There are 2 protein chains.
Amino acid sequence: MPAEKQLGQRAQRKAQRPQEILEAAFEEFVERGYVATRVEDVARRVGVTKGTIYFYFETKERLFEEMIRHISVPFSDISANAKNLSGSYSERIRMFIRLLYDRIVMDRNTRELLRFVLTEGSRFPQVVDRHHEEFIVPFKAAARDILEAGVAAGEFRDGPVIKIPDAAIGATMMLSVWQMLFADRKPQDVEAFFEAHVDVILNGLIAKG
Amino acid sequence: MPAEKQLGQRAQRKAQRPQEILEAAFEEFVERGYVATRVEDVARRVGVTKGTIYFYFETKERLFEEMIRHISVPFSDISANAKNLSGSYSERIRMFIRLLYDRIVMDRNTRELLRFVLTEGSRFPQVVDRHHEEFIVPFKAAARDILEAGVAAGEFRDGPVIKIPDAAIGATMMLSVWQMLFADRKPQDVEAFFEAHVDVILNGLIAKG
DNA sequence: TATTATTGACTGACTGACTAGTCAATGAAA
DNA sequence: TTTCATTGACTAGTCAGTCAGTCAATAATA
């Protein structure tokens, strides 16, 4: 019943501005990195002047931090998804790694977020901390849950990797890094990499008697 | 018989300077990144003034590129080492991954080189290209050699991973990245990670009948 | 050996270009 | 008419790169 508050043109614009600016900031920071990006570049991309940016964001650092927050979609949904997986534990692992590929390797925002954490982390330690809390911790927990359940069900071997699930799943990171670095000049076959990765961690290299 | 050419103090200094400068540049660029490092910072660390840097290096970009070249020890030695491995193929894989850990994860220069490639790669595409030629290509080739020989010997299963060895070995990258990001605040147990990694790719997760 | 001339590594003040952040003025919406 | 999001000229500071000048080390000469 409470009708959408009718906003004037002015108020609409004002309500939109921060998002427009944050998205422009993302593109510019991706292209040039934090230091080399001028606040004016962001402004020009939005189609306003520098003053407008400072009307909405206190400093360039604030702008960067808010941009990071804006593109971050925490992994809590991955944990949630991981809990809902069904089928054999091999299938669950396969689907879990598929989720990771879709997020870390294929999703541009998440990929660039990782790059920001790597490249600007020393300037923004809070960003690194938050990334650890929101991505790494849930990721490890979800992976360990599946592996432990798989062992309990008798489908997986018990072994050191159950306590250190990243050692099994980490090849995702290599693909992600190589996508970052070489995606344009040496395209990777992501599907083939994915299949090889799942195959080797499920079956191992050693031929079975 | 040809005695060491006796160099005067002056000539000795001049011969030493470039290395001193490159090592100081490495430290400064590691601390602050390319853009935020001032040429004067590098000079101060050496104990000279800015002019001296420009006496030896044309521009700041040149200084950075030469610094990268100075700390790069190509992986060709890894390929050579890989060829000399002996024992069962499981043991060879184990030793090969150990070599990678020693280089990528533990060796500061190589670790920071990877960081530079990631962080400054867009500014220095030649650096990225060279890294691909000198590190990635030899690395893949050496890994594939071992895997294929292992299959030929009947010790390893044939499977998609034989053609894409990075899918087996890539967890190294995750550890490396996490060392870069969280080494100070959340220390990793590198040895445990290594053991878990080798265990899972050799034996896989699935329990054997 | 003692004295003088020359070299060249090194200096540091300077220029020019660039940019984060400010704020008084503007003009379109309400 | 009032409000306020927006402008853009301005300040204050930074830093890459320059270059005329310095002086200690070396070479040449007496």
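Model, not experiment: these values are computed from the prediction.
- Using a 4.0 Å heavy-atom distance criterion, A:Phe57 is classed as making no nucleic acid contact.
- Taking the six-membered ring for Trp and the full ring otherwise, the centers of B:His132 and A:Phe182 sit less than 6.0 Å from each other.
- At D:dA25, none of the side-chain N or O atoms of B:Arg13 fall inside 4.0 Å of OP1 or OP2 (strictly under the cut-off).
- In this structure, the side chain of B:His197 engages the main chain of B:Ala168 through a donor-acceptor pair within 3.5 Å.
- Between the CD1 atom of B:Ile21 and the C1' atom of C:dT11 there is a distance of 14 Å, rounded to whole Å.
- We find that A:Arg103 and A:Asp77 are joined by a salt bridge, their nearest charged nitrogen and carboxylate oxygen being less than 4.0 Å apart.
- B:Ala142 pairs by the side-chain contact (heavy atoms from CB on, under 4.5 Å) definition with B:Ser79, B:Ala82, B:Phe96, not counting sequence neighbours.
- In this entry the distance linking CD of B:Glu40 with P of C:dA13 reads 10 Å, nearest Å.
- Heavy-atom distances to DNA chain C give each of A:Ala36 and A:Glu58 a nearest nucleotide, and the one nearer the 5′ end belongs to A:Ala36.
- Taking atom OH of residue B:Tyr54 and atom C1' of nucleotide D:dG17, one finds them 5 Å apart after rounding to whole Å.
- Look at A:Tyr56 and you'll find a side-chain N or O under 4.0 angstrom from OP1 or OP2 of D:dT6.
- Nucleic acid contact for A:Arg10: base, since at least one base atom lies under 4.0 Å from a heavy atom of the residue.
- The side chain of A:Arg38 has C:dA20 as its nearest neighbour among D:dA16, C:dA20, C:dT11.
- Comparing atom distances between the A:Lys60 side chain and each of C:dT19, D:dA16, C:dG21 picks out C:dG21 as nearest.
- In this structure, A:Thr119 contributes its side chain and A:Arg115 its backbone to a donor-acceptor pair below 3.5 Å.
- One atom, NZ of A:Lys14, and another, C1' of D:dT3, lie 11 Å apart when rounded to the nearest Å.
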(request) Please assess B:Tyr101 against B:Leu175 for the test side-chain contact (heavy atoms from CB on, under 4.5 Å), listing each intermediate value before the final yes or no. (result) CA-CA 9 Å; B:Tyr101 274 71; B:Leu175 184 58; 3.2 Å; yes
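- Look at CZ on A:Arg17: it is 17 Å from P on D:dC4, rounded to the nearest Å.
- The pair B:Glu20-B:Arg45 does not count as a salt bridge, with every side-chain nitrogen at least 4.0 angstrom from each carboxylate oxygen.
- Between the side chain of A:Lys50 and the base of C:dG21, at least one donor-acceptor pair of N or O atoms lies under 3.5 Å.
- Within the structure, a side-chain polar atom (N or O) of B:Thr52 is placed less than 4.0 Å from OP1 or OP2 of C:dT11.
- The CZ-P distance, from B:Phe55 to C:dT7, rounds to 15 Å in whole Å.
- B:Gln12 places its CD atom 17 Å from the P atom of C:dG8, with the value rounded to the nearest Å.
- Near DNA chain D, meaning a heavy atom under 4.0 Å away, there are no residues from residues 22-33 of chain A.
- Residue B:Ile53 contributes atom CD1, which lies 9 Å from atom P of C:dT11 at whole-angstrom precision.
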